[in-house]
Every structure is written in C-alpha cells, then in structure tokens.
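Notes follow the structure.
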Amino acid sequence: MRKFDPWPVFFKREWNRNWPFLIGFAVTGAIVTKLSLSLTEEEAKNSKFVQRHKK
C-alpha cells in the first residue's frame, strides 16, 4: 500500500492562500524593473535621490 504524500495537499492549500501576494509581488517587481531599466544615465545623475545617497 502506498504511503500518503501530504505535499500536493499542502501546496494546493498554500497556493490558494498566498496567490494574491505572489502575483502582486511579481507585478510590482516587473514595474520596478521596467522603470529602472528605462532610466537614462543623465536622469540618474540629476536625480535628488542619487545625489543624496551617492558615496
């Protein structure tokens, strides 16, 4: 007789509980990546944030 494998049940329950967080995290990461990659060198130099944190 096969042993019961709890992992599929666990992952299904956790996916149902956490999918909004995971999707939101992925969308936010994609937006931040897109915006940071579209920044030019000149815009970065003129940024108040970069000037304040440049070391």
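The first residue of the sequence shown is numbered 1, and numbering continues consecutively from there. Excluded from the calculations below are hydrogen atoms, water molecules and symmetry mates; all remaining heavy atoms, backbone and side chain alike, are included. The structure presented is a predicted model; accordingly, all values stated were derived computationally and were not measured.
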Specify the closest pair of heavy atoms between A44 and L39, including all atoms of both residues, with the distance to one decimal.
-> CB-CD2, 4.1 Å

Qualifying residue, where the test is side chain to side chain contact (heavy atoms under 4.5 Å, CB included) with I31 and the options are L35, T28, T33 | L35

Same cluster or not: are W19 and F21 linked, directly or through other Ile, Leu, Val, Met, Phe, Trp or Tyr residues, by side-chain heavy atoms under 4.5 angstrom apart?
-> yes

Look at the rings of F49 and H53 and say which category their plane angle falls in: under 30° parallel, 30 to 60° tilted, over 60° perpendicular.
-> tilted

Under the salt bridge (charged side-chain N to carboxylate O under 4.0 Å, His left out) test, residues paired with R17 that sit two or more places apart | E14

How many angstroms lie between atom CG of N18 and atom CD1 of I23, to the nearest 0.5 angstrom?
-> 11.0 Å

Pairs in or reaching into residues 25-53: which pass salt bridge (Lys or Arg N to Asp or Glu O under 4.0 Å), with residues at least two apart or in two chains?
-> none

Roughly how far apart are F11 CZ and W15 CH2, rounded to 0.5 Å?
-> 12.5 Å

